Colleague: 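After the structure tokens below, expect a handful of questions from me.
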Amino acid sequence: MRAVRHVWCAIAASFLVSACAHGARTRPETSEPAAIDEELYAAAVRGTLQHFGGGDQEPTLYCVSIPGNTRPQFLARFTHDPFLIAGRDSCKWDGGAVVPASSSPEVVSNGRPTGARVTPTSAMFLRVERVKLLSPGRAQADTSIVYGNVGANGLTLTLERKDGQWAVLTAKDTWIS
């Protein structure tokens, strides 16, 4: 009996060594978009805002970051949205809370400063952590919102391209702090 167990262990060990040597994976790998699809990332930001910020009664500044560089052209996509959107540098930490870096940030329209200012009463960091392309027309995005040292939420969105536009199919809370 002991000899049989040693034979099976040797077979299992040789299989594992062989699999590792050939780069075998235990689960299929999903591909990341080669280039950032800004429409997909914008849909992930909007889906996160609708999930977490839909009931905002006071003006809240959302400081957005995406993998790579959050360019002004990307932020310009949100000019006509009902949420106040700015780059990551527009928020800062103060006493354990996220606050606007400026007391009244300038409003940007189509990527250009307008001269108009708005005074948000609160601020949050919104980050698109990761986007996986599941198929050419379907993706999954992990996002988070941070509003304080002990205040943050994570979300996983499933998105689908419909009529040339990315839309959120499902939004699932994944963690809370």
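Keep in mind that this is a model prediction, so the values were computed, not measured. The residues of the chain are indexed from 1 along the displayed sequence.
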Colleague: Would K172 and D142 pass as an ion pair if we require N to O under 4.0 Å?
Modeller: no
Colleague: To the closest 0.5 Å, what do you measure between OG1 (T48) and CZ (R127)?
Modeller: 12.5 Å
Colleague: CG of L49 to CD1 of I85: how many Å apart, nearest 0.5 Å?
Modeller: 4.5 Å
Colleague: Of the non-hydrogen atoms in Y41 and P67, which two are nearest, and what is the gap between them?
Modeller: CE2-CD, 3.4 Å
Colleague: How far apart are the closest heavy atoms of V131 and V128, and which atoms are they?
Modeller: CG2-CG1, 3.7 Å
Colleague: Work out which heavy atom in L84 is nearest to a heavy atom in P59; give both atom names and the distance.
Modeller: CD1-CB, 3.9 Å
Colleague: Can you check whether R46 reaches F78 side chain to side chain, under 4.5 Å on heavy atoms?
Modeller: yes
Colleague: Does any part of the side chain of T170, heavy atoms only, come nearer than 4.5 Å to the side chain of L157, both counted from C-beta?
Modeller: no
Colleague: Please say yes or no: joined through hydrophobic side-chain contacts below 4.5 Å, possibly via intermediate residues, are I66 and V98 part of one cluster?
Modeller: no
Colleague: Does a donor on one side chain sit under 3.5 Å from an acceptor on the other, for W166 and D37?
Modeller: yes
Colleague: Which heavy-atom pair separates C63 from G87 by the least distance, and what is that distance?
Modeller: CB-O, 3.4 Å
Colleague: Taking all atoms of both residues into account, what is the closest heavy-atom pair of A152 and V146, and its distance?
Modeller: CB-CG2, 4.0 Å
Colleague: Are the side chains of P120 and T60 in contact, using a 4.5 Å heavy-atom criterion?
Modeller: no
Colleague: Just so I know, are the side chains of F74 and V64 near enough to count as touching, which here means a heavy-atom distance under 4.5 Å?
Modeller: yes
Colleague: Looking at NZ of K162 and CG of L169, how far apart are the two atoms once the value is rounded to the nearest 0.5 Å?
Modeller: 5.0 Å
Colleague: Under a 3.5 Å cutoff, is there a donor and acceptor pairing between the side chains of T70 and S65?
Modeller: no
Colleague: Between V45 and Y62, is any pair of side-chain heavy atoms under 4.5 Å apart?
Modeller: no
Colleague: So, S144 versus E129: side-chain donor-acceptor pair below 3.5 Å or not?
Modeller: yes
Colleague: Is the closest side-chain donor-acceptor distance between H51 and D173 under 3.5 Å?
Modeller: yes
Colleague: For the CG atom of N153 and the CD1 atom of I145, what is their distance to the nearest 0.5 Å?
Modeller: 7.5 Å
Colleague: Less than 4.0 angstrom from a charged side-chain N to a carboxylate O is my criterion; do E38 and R71 meet it?
Modeller: yes
Colleague: State, with a plain yes or no, whether a side-chain heavy atom of F83 is found less than 4.5 Å away from one of L61.
Modeller: no
Colleague: So which atom in A44 and which in L159 form the shortest heavy-atom distance, rounded to 0.1 Å?
Modeller: N-CD2, 4.0 Å
Colleague: What distance separates Q140 CD from T158 OG1, expressed to the nearest 0.5 Å?
Modeller: 5.0 Å
